[in-house]
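One structure is given below, encoded as structure tokens.
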Amino acid sequence: GWEVAAAMDSTFALIDRCLDAWTFDMLTDEIERHYGGTVQVHTRSSIVQRLFTHEAWHWGELSQTLGIRGLPQPDLWRAD
């Protein structure tokens, strides 16, 4: 359980750092990724969106799994 929370915290911390450091105009900058013999081109905006939606997907999986077992789901809106 704690491993999942730590992983999500680290991803959202990364997103926070990107949004703090990048300007609005920088979000359209393209970044090349060399993967499997091909070159993929992503904008900074698409990278941040992908990180966020990836974590949201996992939050949904976690919430569903807990609900199936009759456990309370995570409260994403709680004040820390």
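Computed from a predicted model, the values in this text were never measured in an experiment.
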- Taking side-chain hydrogen bond (donor to acceptor under 3.5 Å, both in side chains) as the test, write out the residues that go with Ser63, two or more places apart. Gln73
- Query: Is there a side-chain contact between Arg44 and Thr28 (heavy atoms, below 4.5 Å)?
  - Reply: no
- If you look at every heavy atom in Thr43 and Leu27, which pair is closest and at what distance? CB-O, 3.6 Å
- Note on the structure: OG of Ser45 to CD of Glu30, rounded to nearest 0.5 Å, is 11.5 Å
- Task: With sequence neighbours excluded, tell me which residues meet side chain to side chain contact (heavy atoms under 4.5 Å, CB included) with Leu19.
- Result: Ile15, Val48
- Answer yes or no: is there a donor N or O on one side and an acceptor on the other, between the side chain of Thr38 and the main chain of His34, under 3.5 Å? no
- Message: Please tell me whether Thr53 and Gln49 have a donor and an acceptor in their side chains that are separated by less than 3.5 angstrom.
- Response: no
- With Leu66, which residues qualify under side chain to side chain contact (heavy atoms under 4.5 Å, CB included), at least two apart? Leu62, Leu71, Pro74
- Supply the atom-to-atom distance Cys18 SG to Leu51 CG, rounded to the nearest 0.5 angstrom. 7.0 Å
- Contact list for residues 47-56, test salt bridge (Lys or Arg N to Asp or Glu O under 4.0 Å), sequence neighbours left out: none
- Query: Are Phe24 and Trp22 joined in one hydrophobic group, where the rule is that I, L, V, M, F, W and Y side chains link up if heavy atoms are under 4.5 Å apart?
  - Reply: yes
- Task: Inspect the surroundings of CZ in Phe12 and state if more than 12 heavy atoms from other residues, nucleotides or ligands are less than 6.0 Å away.
- Result: yes
- Item | Asp16 side, atom CG; Asp9 side, atom CG - distance, nearest 0.5 Å | 10.5 Å
- By ring-ring contact (aromatic ring centres under 6.0 Å, His included) - contacts of His42 (at least two apart): none
- Query: Taking only residues at least two apart or on different chains, which pairs with a member in residues 61-70 satisfy salt bridge (Lys or Arg N to Asp or Glu O under 4.0 Å)?
  - Reply: none
